[in-house]
Amino acid sequence: MLINDESCNAEKTVLRYQENGIVDLLGSDWYGILLLSPGGRICLDTYNDIHGIGNELPLRFVEHCIRWDSLQQQKTYCYEFEGRYFFIYTIRLTEKGNQVFFLHCKVDGPFDERDIRWYELYSTTGQQRMLLENELVQEKNYLSGILESTEGCIAVVDADYTILSANDNAQELFGDNLTTGSRKLLPVIKAVDKVLLMKEKQILPRVLLNGMENELGCSIYKFILTPLKSSKGKVGCVVIVATDITQKFIHRRRAAQRQNFQILGDATFEMSKDMRTPLMNIQGCASLLLDEPNLTEEMRELLNFIQTEAGHISRINDQLISFCNLTEETSCAQIRIHHVLQNCVSALYRERSRKKLIIKTHLEEEMPMVQMKNVDLHQLFFNLLLSSLSSIREKGSIDVSSYYDKKKMAVVVKIAEDGEEGGQDGEEELLYVRSGSENLHNWIDVPLLMAKKITLDYGGTLEMKRQEDGCQVRMVILPCIVS
């Protein structure tokens, strides 16, 4: 056995011998289980005095006739002591060196040799069976302890998708069957069928489950399905191991996005510096020409237009330069939201041009500042805008507005989209969604998921709702610093 098992107790053993008729076979008047230490200490563990012999005679017999080393040398003994007949059967040697043995006492005559042989056969077989049963119990408890101590979900499912065995986490996730209850896991069911058919391990790297009881309202799981073979090599069940990778997934995506910010900043920094001087020269030249007295009205309008456009390019240039230092700022600071929103809108110029989208901004400039890391605030609004852009297939408009809510003492940013809805553009983003409807797969909105995590990290809220005019609105509420 792996450890000493309390189920190997003397009372159960004595009762089993009586129920199975072994005591009647020997004709014992008294029998019990005793323990003899190497120093000669005798302990009567349990006994059954069938005909009232008492315990004094058996104990006196052991004290005068039985030595510890003799029990080591021989398995069975037959003795006659004070007119009574005794039979000893050695059971086992404990870890502390104590001998455990059966002692039978008979009054009316010696024990029959044939009965003793039957007794030895039964005892040997019974002891082996008992040890095997206890090992199985211990192994079961051992595996059960492993299952319950793991944070993941482990379950065994049969061909009917019934959960045969599961730890608490898996029971909560799957219920009693993969096809019933609130969670209908079509991709997992298909993977179970594939494992049973091909007898090979299947891996579902990302499966999205909505309606989870956590701060995000959803979880992303990795599923590993392995065939469970019988003793004859047939596959009848599947072991499912599910691991929640939500936090790891979001963290990895955020880190990759920050790296992209760094690449964007590094790529545009030198170019932006080189552009600054020519832009200043264009604005300066236009300003000098405007001082000329003999300009026609058309020429004056053209020079004003040149100045305006050069100023616009200069502001965009400054916004691009601001991305250079994002990833280097590691501490929270007081930040004005409208500057960050303008930066993010400018950074998505290529995306909105490709889809022929119009982005309108209605940003309140005189608002309280928020206490956040600059890179986190940029990631928050960048991902909200990207989520809104990605949900429109082509053509449409996005309205970005911000204001201060005095009652909530918070800054509110709304991003409303109006256009033909679409899905994500890359198959890499395709994750399976649990749903109560027939549509059991969909696109995961990774940018929205990252934005929601950032918002929650700073004590804010992110809501999504559809207005009466059909526009989808993403609304962020962030606590702010009020002087």
Side-chain angles (χ1 to χ4, degrees), residues 136 139-214 216-253 256 423-424 426-446 449:
L136 291 174
E139 191 71 24
K140 182 180 178 181
N141 293 337
Y142 176 71
L143 293 175
S144 177
I146 292 176
L147 289 175
E148 294 306 328
S149 62
T150 182
E151 294 182 356
C153 302
I154 303 177
V156 178
V157 59
D158 63 11
D160 297 324
Y161 317 116
T162 300
I163 305 298
L164 303 179
S165 177
N167 63 353
D168 291 343
N169 292 337
Q171 194 71 45
E172 183 179 353
L173 183 66
F174 299 128
D176 297 326
N177 194 291
L178 297 180
T179 61
T180 60
S182 60
R183 293 189 173 92
K184 297 181 180 179
L185 299 168
L186 181 60
V188 181
I189 291 172
K190 289 183 176 179
V192 169
D193 293 337
K194 199 169 183 179
V195 171
L196 293 172
L197 179 65
M198 302 178 64
K199 301 177 176 58
E200 294 178 353
K201 180 170 73 174
Q202 298 292 320
I203 297 177
L204 302 176
R206 294 187 299 272
V207 177
L208 178 70
L209 303 181
N210 284 325
M212 302 296 288
E213 295 180 0
N214 56 29
L216 296 173
C218 64
S219 294
I220 301 171
Y221 278 86
K222 177 181 179 180
F223 285 88
I224 300 176
L225 298 90
T226 309
L228 184 62
K229 296 181 180 180
S230 66
S231 58
K232 296 182 179 179
K234 293 184 177 181
V235 176
C237 299
V238 177
V239 178
I240 302 176
V241 179
T243 306
D244 189 339
I245 61 170
T246 310
Q247 300 301 326
K248 182 179 178 181
F249 177 83
I250 294 175
H251 177 76
R252 188 171 63 246
R253 288 305 180 98
Q424 298 282 352
E427 289 191 4
E428 184 185 357
E429 303 297 336
L430 179 61
L431 300 184
Y432 295 99
V433 179
R434 179 189 58 76
S435 170
S437 65
E438 291 298 318
N439 181 24
L440 294 178
H441 69 279
N442 208 335
W443 301 97
I444 180 176
D445 195 338
V446 177
L449 197 61

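Position 1 is the first residue of the sequence; numbering continues from there. None of the values given here were measured: they were computed from a predicted structure.
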For Glu200, side chain to side chain donor-acceptor pair (under 3.5 Å) partners two or more places apart: none
Side chain to side chain donor-acceptor pair (under 3.5 Å) between Asn177 and Thr179, intermediate numbers included: CA-CA 5 Å; Asn177 194 291; Thr179 61; 2.7 Å; yes
Heavy-atom pair with the smallest gap, counting every atom of Cys153 and Asn167: CA-OD1, 3.9 Å
Minimum heavy-atom distance between Pro187 and Leu204, given as atom pair plus value: O-CD1, 3.8 Å
Residue pair Leu164 / Cys237: nearest heavy atoms and the distance that separates them: CD1-SG, 3.5 Å
pair Ile163-Asp176: side-chain heavy atoms closer than 4.5 Å: no
Sequence neighbours left out, cut at 3.5 Å: what donor-acceptor pairs do the side chains of residues 188-199 make with other protein atoms?
residue : atom : partner : partner atom : Å
Asp193  : OD1  : Tyr161  : OH           : 2.7
Asp193  : OD2  : Tyr161  : OH           : 3.0

Rounded distance [0.5 Å steps], OH in Tyr221 versus CG in Leu173: 5.0 Å
Any side-chain heavy-atom pair of Ile240 and Phe174 under 4.5 Å: yes
Side chain to side chain donor-acceptor pair (under 3.5 Å) involving Asp158 - partner list, sequence neighbours excluded: none
Atom pair NZ (Lys229) and NZ (Lys234), whose distance is rounded to the nearest 0.5 Å: 13.5 Å
Residue pairs passing the side chain to side chain donor-acceptor pair (under 3.5 Å) test where at least one lies in residues 236-251, sequence neighbours excluded: Asp244-Thr246
